[in-house]
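Letters A, B, ... mirror the listed sequences (proteins, then strands); counts begin at 1. The figures here come from the full heavy-atom set of this structure, side chains too, leaving out hydrogens, waters and symmetry mates.
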There are 2 protein chains.
Amino acid sequence: MNDVAAAAGVALKTVSRVVNNEPGVNAVTAGRVQEAIERLGYRRNDSARILRRGRTASIGLVIEDVADAFYSSLSRAVEDAALHHGYLLFTGSSREDAARERDLVLAFCARRVDGLIIVPAGSDHGYLAPEFEAGIKAVFADRPAGAGCEADTVLCDNAGGARAGTAHLIAHGHRRIAFLGDSPGIFTAAERLRGYRQGLAAAGLPYDEGLVVMGPPDPARMRADLTRLLTASDPPTALLTGNGRTTVETLRALASLTDAADAGAAGGLALVGFDDFELADLLGITVVAQDPARLGRTAADLLFMRLSGDERPTSRIEIATRLVPRGSGERPPLPRRDRTAG
Amino acid sequence: MNDVAAAAGVALKTVSRVVNNEPGVNAVTAGRVQEAIERLGYRRNDSARILRRGRTASIGLVIEDVADAFYSSLSRAVEDAALHHGYLLFTGSSREDAARERDLVLAFCARRVDGLIIVPAGSDHGYLAPEFEAGIKAVFADRPAGAGCEADTVLCDNAGGARAGTAHLIAHGHRRIAFLGDSPGIFTAAERLRGYRQGLAAAGLPYDEGLVVMGPPDPARMRADLTRLLTASDPPTALLTGNGRTTVETLRALASLTDAADAGAAGGLALVGFDDFELADLLGITVVAQDPARLGRTAADLLFMRLSGDERPTSRIEIATRLVPRGSGERPPLPRRDRTAG
DNA sequence: ACGGCCTTAGACAACGTTGTCAGTTCCATG
DNA sequence: CATGGAACTGACAACGTTGTCTAAGGCCGT
């Protein structure tokens with residue numbers, strides 16, 4: 001900018017005015033400055049601008065994994081909102097690691113992002129206190145913040161969705177419904193388990209721990225668990241899977257079991273998956289659909305309202321789920337076979 | 001930092017040394033400073049640091065759409081590499097819009113990112129010249145830069161993959177193979193068309209323009225085009241689809257056609273899809289698999305080599321594709337039916 | 001002709017760091 | 001005891017902007 005000023009024979013401040021389209025510069029002078037800018041290929045240094053002005057016009061987004069369809073949809077919604085407000089977006093994946101989440105968030109804060117949208121992996125967000133003190137705004141998405149951290153939160157109606165999925169299966173005649181969820185430490189997984197239990201209770205069905213399997217969606221582990229479930233003395237006739245990855249891995253496991261000798265009840269199992277996924281329509285999989293784009297958009301809207309000075313008490317928004325019947329969830333229970341004869 | 005210095009009764013510079021773990025500070029002093037830092041909740045301002053040091057330890061990634069599985073895999077690989085090198089990542093989606101790509105890139109440059117990884121949407125990258133002049137490093141991924149822009153480039157072997165897919169179908173007896181590609185203006189789409197033609201030529205088969213349909217994967221348009229293709233007098237017995245989205249929409253269209261009255265040859269069509277996708281295994285879809293993670297990793301590696309001073313001439317790397325047979329591509333041609341009798 | 005206002009332009013400090021250099025203290029050594 | 005050097009600490013400028021304040025000149029009304 002100094003060079004431009006020298007080249008155009010004006011003061012630094014005049015160049016600044018031209019660059020920022022500030023009024024009060026004579027058209028002729030502005031033209032001369034413009035010409036110098038182009039001749040020198042000058043581009044404003046936003047780092048200095050940020051330092052001087054105190055606002056960075058950027059926000060940070062911490063999700064669990066960009067490569068996951070749910071989070072990449074969310075990501076895109078946030079990105080659109082950011083662009084729309086003229087903000088730039090830092091992105092990082094926590095990979096379900098609380099320390100990594102913390103490092104990312106603090107790195108973003110060190111860059112003085114104006115706001116954060118966080119899908120928390122950890123359950124302790126005390127580390128944010130000094131940042132809040134310093135005026136950073138944060139919105140939690142998909143999962144609530146850990147205790148002692150007051151912030152806006154946007155969630156899916158996890159329990160409600162799981163309850164609806166369970167009720168749907170029950171309405172189609174199922175009495176033994178297994179729940180396959182992600183690690184119970186994950187908020188959404190726990191909530192969906194809760195909804196499943198509510199669904200059973202509402203229909204007067206007993207809760208059987210033997211029908212519940214939880215853990216990260218590792219193919220080998222899931223295949224083993226499914227085999228165990230289906231070869232038990234009183235196997236389930238329906239499955240409720242707890243998230244997209246789990247649903248997909250369940251389908252893979254079921255396919256491999258159907259091929260194998262110990263196929264058992266795998267063939268006619270009813271299935272409802274929590275979270276929609278690409279091609280579920282073609283595969284005829286009934287799902288409880290979330291709306292990750294809406295989740296992201298809502299979180300971003302909240303954040304930008306805060307950034308524009310909104311000081312209302314923090315809110316907690318739940319986004320409704322929608323049951324999409326596609327066939328797999330409407331299958332009636334298979335008549336029980338005597339497995340000892342198989 | 002000033003406040004911390006005052007609180008600890010030391011000079012600014014000493015605090016700086018402590019914060020940056022520089023040697024030459026007495027343990028006792030360091031302790032006092034540390035204590036003040038914690039008491040005041042001080043966090044270093046990286047904006048100022050960046051301004052002073054000239055390096056931002058951040059890179060910008062411009063892709064086509066985060067919500068697309070191919071790009072989100074690529075994204076994740078880049079993110080991992082960035083994190084590994086201690087860099088932060090700006091992300092933005094161009095949405096296949098050259099102007100948006102340009103705006104994003106320039107915004108990143110204004111923030112003085114150290115490097116860029118770009119999946120170009122536009123074909124003119126003259127706007128980058130001043131940035132290169134200023135020392136920015138850029139790597140193009142998935143598609144080459146427009147004319148007059150010398151930079152490292154990492155591509156898939158698009159033509160080779162399409163050639164292999166075509167050869168695969170020919171090897172299974174097909175003679176009339178349709179190609180369904182994305183808009184011909186997109187580099188990868190054009191390259192894949194080229195590979196398809198090479199594949200035909202290598203087998204001595206004629207190139208029939210009537211068997212080629214290109215355009216953005218819009219469901220309605222694709223359904224109409226497929227219907228037209230399959231109800232023609234001499235319909236194809238096999239399809240080669242040009243990317244993930246196209247494959248998926250083709251499957252949807254085929255499913256809907258099979259339901260409909262004018263099903264025609266849709267049922268027994270062989271299909272090879274360019275680009276692998278989630279659940280292709282369960283659906284039994286033969287694909288020419290790309291490796292987006294490797295693409296991203298390679299691009300990031302190249303970039304970080306440049307950032308660490310590598311001055312070798314720019315390179316252009318092609319990543320091999322891999323044909324994954326899963327059933328749909330191994331179906332023999334259906335015996336031709338006399339459509340006038342149908 | 002003069003004072004006041006508006007337009008345009010520039011000087012200067014400040015944003016919060018870090019690199020450079022200089023100063024102080026203290027210990028070991030001659 | 002004097003001296004050299006190592007270890008530690010601090011003063012100051014600079015990074016490239018922008019906000020504030022002041023100055024110069026032209027125009028208007030009186």
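- One finds a side-chain N or O of A:T29 lying less than 4.0 angstrom from the OP1 or OP2 phosphate oxygen of C:dA9.
- Heavy-atom minimum distance, A:P144 versus A:R316: CB-NH1, 4.2 Å.
- Of the listed residues (B:V113, B:L303, B:L74, B:V119), just one forms a side-chain contact (heavy atoms from CB on, under 4.5 Å) with B:L61, and that residue is B:L74.
- Checked for salt-bridge contact, A:D152 and A:R306 meet the test: a charged N lies under 4.0 Å from a carboxylate O.
- Residues that satisfy the salt bridge (charged side-chain N to carboxylate O under 4.0 Å, His left out) test with B:R32, not counting sequence neighbours, are absent from this structure.
- In this structure, B:H125 and B:F140 have perpendicular ring planes: the angle between them is above 60°, well past the 30° mark.
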For this session: Would you give a per-nucleotide map of nucleotides 13-20 of chain D, 5' to 3', where B means the base has a protein non-hydrogen atom under 4.0 Å away, S means only the sugar-phosphate does, and - means neither?
Result: BBBBBBBB
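- Axis deviation across the helix from C:dA1-D:dT30 to C:dG30-D:dC1 amounts to 50°, comparing end segments of five pairs, rounded to 10 degrees.
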For this session: Check step by step if side chain to side chain contact (heavy atoms under 4.5 Å, CB included) holds for A:C149 and A:F132.
Result: CA-CA 10 Å; A:C149 182; A:F132 283 139; 3.6 Å; yes
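- A:D65 CG to A:S93 OG: the interatomic distance, rounded to the nearest 0.5 Å, is 5.0 Å.
- A sub-4.0 Å separation between OP1 or OP2 of D:dG10 and a side-chain N or O of B:T14 is present.
- Classification of the A:F304-A:Y87 ring pair by plane angle, with boundaries at 30° and 60°, yields perpendicular.
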